[in-house]
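Only this structure's heavy atoms are used, side chains among them; waters, hydrogens and symmetry mates stay out. Protein chains get the first letters and strands the later ones, always in sequence-line order, with residue 1 at the start of each.
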2 protein chains.
Amino acid sequence: MSTAKNNKPTESELEILGILWEKGSGTVRDVHEILEKSKDAGYTTTLKLMQIMHEKGLLKRDTSNKTHVYEAAISQESTQQQLLNKMIDTVFNGSASQLVLQALGNHRSSQEELDKIKQYLNEIEQQQKK
Amino acid sequence: MSTAKNNKPTESELEILGILWEKGSGTVRDVHEILEKSKDAGYTTTLKLMQIMHEKGLLKRDTSNKTHVYEAAISQESTQQQLLNKMIDTVFNGSASQLVLQALGNHRSSQEELDKIKQYLNEIEQQQKK
DNA sequence: ATTTGTTTACGAAAATATTCGTAGATCAAT
DNA sequence: ATTGATCTACGAATATTTTCGTAAACAAAT
């Protein structure tokens, strides 16, 4: 494996990753403007954070222009999975389905979403049957 | 609401809460011995942590005997929900079902668990239909 | 070419979280 | 009543994370 992901992102770093996963890529200013909506921090704070993340290998960046453009260097899926696993382990007594039930319970999901989940459940069952 | 839960548990505190939720209650030694299996810390470290958690209102304790007995002061469910919400928000683009799919995907669930989830999905649909 | 605004780099302060050493209390067994 | 084991309390050192001030580079507009 090439991408070093020994460094697990901190809370603040996760917020930035979340933004970049959604946007695809962006400058410090782009990220900062979104971050500002839910948080209260100065521009250089965001900058510093993203620089650290780059050092750690959490972000890639293009420095060919004066204003650098960043993007996530670790995949959203693997990060999600890592966080889920830890969460299931420490807070859900090791039971993934307990987590699923809890997640479905308080988040009113759309019919469309529910259908997608059902369909997925069927696929899983088919796989296990054979 | 009586129980002050302004203080969100830290990483280490969550581990302790997880143990106490599962055990119901326990002494510092009880908790420490379980913690030791997955972690490497001294006894007084665990003690101090649990004392801090008591101050914060995360744990209750019975001091009538020399060896104090602790238990969680915040509910597992509400803590789970809080963590899930934040996680959905920052890492799953706000989509609960995306989290559910990811959780089901890599965690091979038992048929029994899958049935429980399906049943639950049906209940949710019934509720929404009316 | 000077000013203005925006950017990066850097260092270090401030805030939080984790760890542990040491002292004193308590109790059981010698 | 002295020893040994175990416990709590407390303070402080470490480590980690977050925050921001300041300086220098750069470009666009005056």
Side-chain angles (χ1 to χ4, degrees), chain A residues 5-20 25-71 74 79 83 86 90-91, chain B residues 4-20 25-71 74 79 82-83 86 90-91:
Chain A
K5 52 115 86 145
N6 305 356
N7 289 314
K8 66 160 181 279
T10 68
E11 195 104 342
S12 301
E13 290 173 344
L14 268 184
E15 292 175 342
I16 290 175
L17 281 171
I19 291 171
L20 284 175
S25 68
T27 66
V28 174
R29 175 129 332 254
D30 293 336
V31 171
H32 179 62
E33 252 151 29
I34 296 177
L35 215 47
E36 259 185 329
K37 293 178 195 166
S38 56
K39 217 184 177 182
D40 185 28
Y43 173 82
T44 54
T45 299
T46 305
L47 168 66
K48 179 67 168 186
L49 227 20
M50 290 175 72
Q51 285 172 341
I52 291 173
M53 291 172 76
H54 176 250
E55 276 175 21
K56 285 196 197 173
L58 295 175
L59 298 184
K60 288 181 285 196
R61 68 177 176 183
D62 174 359
T63 59
S64 61
N65 294 306
K66 188 207 164 187
T67 302
H68 302 174
V69 178
Y70 290 80
E71 68 182 299
I74 61 177
T79 306
L83 292 174
K86 170 174 255 170
T90 69
V91 179
Chain B
K5 52 115 82 143
N6 306 354
N7 289 315
K8 68 160 179 278
T10 68
E11 196 104 343
S12 302
E13 290 173 344
L14 268 185
E15 291 175 341
I16 290 175
L17 280 171
I19 291 171
L20 284 175
S25 68
T27 66
V28 173
R29 174 127 337 250
D30 294 336
V31 171
H32 179 62
E33 252 151 30
I34 297 176
L35 215 49
E36 259 186 329
K37 293 177 192 165
S38 56
K39 218 186 177 182
D40 185 29
Y43 173 81
T44 54
T45 300
T46 305
L47 169 66
K48 179 68 168 186
L49 227 20
M50 290 175 71
Q51 285 172 341
I52 290 173
M53 291 172 74
H54 175 250
E55 275 175 21
K56 284 196 196 173
L58 295 175
L59 298 184
K60 288 181 284 195
R61 69 177 176 183
D62 174 358
T63 59
S64 60
N65 294 306
K66 187 204 164 188
T67 303
H68 302 175
V69 178
Y70 290 80
E71 67 182 300
I74 61 176
T79 307
Q82 221 173 312
L83 292 173
K86 171 175 252 168
T90 68
V91 179

Quiz item: A:Met50 has an atom CE; how far is it from atom P of C:dT8, in whole Å?
Solution: 9 Å
Exercise. Report the residues that fulfil side-chain hydrogen bond (donor to acceptor under 3.5 Å, both in side chains) with B:Ser38, sequence neighbours left out, ordered by chain and then residue number.
Key: none
Self-check item: Rounded distance (Å) that lies between atom P of C:dT16 and atom CG of B:Leu49
Solution: 17 Å
Quiz prompt | Counterpart residues, side chain to side chain contact (heavy atoms under 4.5 Å, CB included), relative to B:Ile19 (two or more places apart) | solution = B:Lys23, B:Val31, B:Ile34, B:Leu35
Quiz item: In chain order, what residues pass the salt bridge (Lys or Arg N to Asp or Glu O under 4.0 Å) check against A:Lys39, with sequence neighbours excluded?
Solution: A:Glu15
Exercise. Give a yes/no answer on whether the side chain of B:Thr45 brings an N or O atom under 4.0 Å of OP1 or OP2 in C:dC20.
Key: yes
Exercise. Grab the CG-C1' distance between B:Asn65 and C:dA25 for me, whole Å please.
Key: 15 Å
Quiz item: Counting only side-chain N and O atoms of B:Ser12, is one of them less than 4.0 Å from OP1 or OP2 of C:dT18?
Solution: yes
Quiz item: Once you round it to whole Å, what is the distance between P of C:dA15 and CD of A:Glu11?
Solution: 19 Å
Quiz item: How close or far is atom P of D:dT17 from atom CG of A:Leu58, stated in whole angstroms?
Solution: 11 Å
Quiz item: Heavy atoms, side chains only, cut-off 4.5 Å: are A:Leu20 and A:Met53 in contact?
Solution: no
Any protein N or O atoms within reach of nucleotides 3-10 of chain D? Criterion: under 3.5 Å, listing atom names and distances.
from  : atom 1 : to      : atom 2 : distance (Å)
D:dT6 : O2     : B:Lys66 : NZ     : 2.8
D:dC7 : OP1    : B:Arg29 : NE     : 3.3
D:dC7 : OP2    : B:Arg29 : NE     : 2.7
D:dC7 : OP2    : B:Arg29 : NH2    : 2.5
D:dT8 : OP1    : B:His68 : N      : 3.3
D:dT8 : OP2    : B:Tyr43 : OH     : 2.9
D:dA9 : OP2    : B:Gln51 : NE2    : 3.0
D:dA9 : OP2    : B:Arg61 : NH1    : 3.1

Quiz item: With B:His32, which residues qualify under ring pair (Phe, Tyr, Trp, His ring centres under 6.0 Å), at least two apart?
Solution: B:Tyr43
Self-check item: Nearest-Å distance for atom pair CG/C1', residues B:Leu14 and C:dT18
Solution: 15 Å
Self-check item: Residues in side chain to side chain contact (heavy atoms under 4.5 Å, CB included) contact with B:Thr67, at least two apart in sequence or another chain
Solution: B:Thr27
Self-check item: Value in whole Å for how far the P atom of D:dA15 lies from CG of B:Asp40
Solution: 15 Å
